[in-house]
Number of protein chains: 2
Amino acid sequence: MKLTSKGRYAVMALVDLAKFNNLNPVSLRDISIRQGISLDYLEQIFSKLRKKEIVQSVRGNQGGYVLNKKAKEIKLTNIFEAVDEKVKTLQCKKESKKGCNGKSTKCLTHNLWDELENHINDFFEKKSLEDLIKDNIERRL
Amino acid sequence: MKLTSKGRYAVMALVDLAKFNNLNPVSLRDISIRQGISLDYLEQIFSKLRKKEIVQSVRGNQGGYVLNKKAKEIKLTNIFEAVDEKVKTLQCKKESKKGCNGKSTKCLTHNLWDELENHINDFFEKKSLEDLIKDNIERRL
DNA sequence: ATAAACCTGACTAAAATAGTCAAGTATCTT
DNA sequence: AAGATACTTGACTATTTTAGTCAGGTTTAT
Ligand code: FES
Ligand code: FES
């Protein structure tokens with residue numbers, strides 16, 4: 001079980017962005033340099049974040065990205081969904097009545113993985129971007 | 001974030017095995033058929049489980065595997081550790097003082113992933129093989 | 001003896017990941 | 001108007017990981 005860097009970078013970049021509090025757009029170039037993430041890769045990520053209306057783009061010189069919602073309203077769940085970082089512990093399709101082994105009943109562990117998935121999603125549902133920023137400021141003091 | 005089938009199979013096979021309550025060894029061949037898992041793959045998995053003393057092997061004709069501890073004492077944590085299914089949400093090395101970006105401080109999200117890792121491991125630490133079997137019996141009623 | 005079943009290590013196809021690269025388009029500043 | 005900055009898109013690719021397979025053993029009950 002690991003987290004992919006796409007999900008990791010998305011959150012990292014958004015925390016960086018959110019710290020500027022919507023005063024003015026932040027360029028991906030700056031984020032790239034500050035966070036050590038490839039610019040081209042960031043572009044892919046922000047393209048997805050924009051489509052899901054998590055950020056807004058400002059084109060042209062001095063442009064960049066701004067949060068499209070309040071930091072409090074952006075949960076990790078939303079971010080992960082936007083960049084396709086899904087939690088997938090079940091092998092089978094959840095809706096299907098078939099098990100992961102191709103049999104007509106769910107496998108011995110189906111229920112366990114389902115619980116696990118919920119357990120993890122709870123965590124993501126509870127954390128907002130605002131929480132992360134606060135946490136970051138506290139640590140600096 | 002997904003669970004690999006190695007971890008999934010390990011747990012699935014052990015639940016199957018545990019249901020026989022140590023009365024007599026269960027052959028991998030049987031588990032393979034019942035659970036729809038490749039025999040060769042199961043052998044790899046059980047080799048690791050044996051090295052970590054989670055199961056005991058009985059060689060020869062009518063041989064197979066038996067649990068080496070009480071089902072209550074086998075936590076998911078132990079199983080996952082045995083088959084190298086680790087939860088890895090951090091990018092950096094935990095001990096190192098360097099961040100995942102190569103910089104000398106931890107990245108903006110380091111703490112978040114660390115929390116997440118603990119959150120997930122809590123789940124694994126709480127679940128024993130016995131819990132899974134009970135859960136399975138209840139469902140059948 | 002022979003068959004069942006464990007044991008080991010090496011090998012490999014396929015999928016996913018983590019990017020790179022190229023060729024734009026829009027808008028601000030001067 | 002020109003130039004620079006920065007967003008936008010889509011295709012491409014190297015690397016790594018996963019999920020096995022395969023071949024050739026060894027052990028032990030009957
Ligand atoms: S994970 Fe759903 S049936 Fe096995
Ligand atoms: S995950 Fe540890 S420093 Fe980034």
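Throughout, protein chains are lettered first and strands after them, A, B, ... in sequence-line order, and every chain is numbered starting at 1.
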Chemist: Is the shortest heavy-atom distance from the side chain of Ile33(A) to the side chain of Arg29(A) under 4.5 Å?
Modeler: yes
Chemist: Below 4.0 Å from chain B heavy atoms, what is the first contacting nucleotide of DNA chain C and what is the last?
Modeler: dA4(C) to dA16(C)
Chemist: Hey, is the side chain of Arg59(A) pairing donor to acceptor with the base of dT8(D) inside 3.5 Å?
Modeler: no
Chemist: Measure the distance from CE on Met12(B) to P on dA19(D) and round it to the nearest whole Å.
Modeler: 12 Å
Chemist: What pairs of donor and acceptor atoms, side-chain ones from residues 83-94 of chain B against any protein atom, are under 3.5 angstrom apart with sequence neighbours left out?
Modeler:
{"residue": "Asp84(B)", "atom": "OD2", "partner": "Lys48(B)", "partner atom": "NZ", "Å": "3.2"}
{"residue": "Glu85(B)", "atom": "OE1", "partner": "Thr4(B)", "partner atom": "N", "Å": "3.4"}
{"residue": "Glu85(B)", "atom": "OE1", "partner": "Thr4(B)", "partner atom": "OG1", "Å": "2.3"}
{"residue": "Glu85(B)", "atom": "OE1", "partner": "Gly7(B)", "partner atom": "N", "Å": "3.3"}
{"residue": "Glu85(B)", "atom": "OE2", "partner": "Met1(A)", "partner atom": "N", "Å": "2.8"}
{"residue": "Lys88(B)", "atom": "NZ", "partner": "Leu90(B)", "partner atom": "O", "Å": "2.9"}
{"residue": "Thr89(B)", "atom": "OG1", "partner": "Trp113(B)", "partner atom": "O", "Å": "2.8"}
{"residue": "Thr89(B)", "atom": "OG1", "partner": "Glu117(B)", "partner atom": "OE1", "Å": "2.9"}
{"residue": "Gln91(B)", "atom": "OE1", "partner": "Arg8(A)", "partner atom": "NH1", "Å": "2.9"}
{"residue": "Lys94(B)", "atom": "NZ", "partner": "Asp114(B)", "partner atom": "OD1", "Å": "3.4"}

Chemist: Looking at Ser32(A) and Leu39(A), what are the two nearest heavy atoms and their distance?
Modeler: OG-N, 3.7 Å
Chemist: What contact category does Phe46(A) fall into here, base, sugar-phosphate, or nothing, at under 4.0 angstrom with non-hydrogen atoms?
Modeler: nothing
Chemist: Once you round it to whole Å, what is the distance between C1' of dT9(D) and CG of Leu28(A)?
Modeler: 14 Å
Chemist: Evaluate the side-chain proximity of Ser47(B) to Glu43(B): yes if any heavy-atom separation is below 4.5 Å, no if none is.
Modeler: no
Chemist: Could you check how far CD of Glu85(B) sits from P of dG20(D), rounded to whole Å?
Modeler: 13 Å
Chemist: Kindly assign one of parallel, tilted or perpendicular to the pair Tyr65(A) and Phe46(A), based on the angle between their ring planes and the thresholds 30° and 60°.
Modeler: tilted
Chemist: Would you say a side-chain N or O of Arg50(A) is under 4.0 Å from OP1 or OP2 of dT8(D)?
Modeler: yes
Chemist: Near DNA chain D, under 4.0 Å by heavy atom, which residues of residues 109-117 of chain A?
Modeler: none
Chemist: Are side-chain heavy atoms of Leu129(A) and Leu17(A) found at a separation under 4.5 Å?
Modeler: no
Chemist: Provide the full list of salt bridge (charged side-chain N to carboxylate O under 4.0 Å, His left out) pairs with a residue in residues 64-80 of chain A, sequence neighbours left out, each pair given once.
Modeler: none
Chemist: Return the 5'-most residue of the pair Leu3(A), Glu43(A) with respect to DNA chain C, ranking by each residue's nearest nucleotide.
Modeler: Leu3(A)
Chemist: Do Val66(A) and Ile79(A) share a hydrophobic cluster, counting only Ile, Leu, Val, Met, Phe, Trp and Tyr and linking them when any side-chain heavy atoms are less than 4.5 Å apart?
Modeler: no
Chemist: Applying a 4.0 Å non-hydrogen cut-off, can you work out what Lys2(B) is touching in the nucleic acid: base, sugar-phosphate, or nothing?
Modeler: sugar-phosphate
Chemist: Tell me: OH of Tyr41(A) to P of dT13(D), nearest whole Å?
Modeler: 18 Å
Chemist: Rounded to the nearest Å, what distance is computed from the CG atom of residue Leu39(A) to the C1' atom of nucleotide dT8(D)?
Modeler: 12 Å
Chemist: Reading DNA chain D from 5' onward, which residue's closest nucleotide shows up sooner: Gln91(A) or Arg29(A)?
Modeler: Arg29(A)
Chemist: For His110(A), give me all partners under ring pair (Phe, Tyr, Trp, His ring centres under 6.0 Å), at least two apart in sequence or on another chain.
Modeler: none
Chemist: From dG20(D), dT28(D), dA19(D), pick the nucleotide closest to the side chain of Gln44(B)?
Modeler: dG20(D)
Chemist: What's the NZ-P distance between Lys88(A) and dA19(D), to the nearest Å?
Modeler: 11 Å
Chemist: Indicate whether OP1 or OP2 belonging to dA19(D) is found under 4.0 Å from a side-chain N or O atom of Tyr9(B).
Modeler: no
Chemist: Of Asn61(B) and Ser57(A), whose nearest nucleotide on DNA chain D comes first from the 5' end?
Modeler: Ser57(A)
Chemist: Who are the salt bridge (Lys or Arg N to Asp or Glu O under 4.0 Å) partners of Glu115(B), not counting sequence neighbours?
Modeler: Lys127(A)
Chemist: How close or far is atom C1' of dT27(D) from atom OH of Tyr65(B), stated in whole angstroms?
Modeler: 12 Å
Chemist: Rounded to the nearest angstrom, tell me the gap between atom CE in Met1(B) and atom P in dT17(D).
Modeler: 16 Å
Chemist: For Val58(A) and Asp40(B), take the nucleotide of DNA chain C holding the closest heavy atom to each; which residue's nucleotide lies nearer the 5' end?
Modeler: Asp40(B)
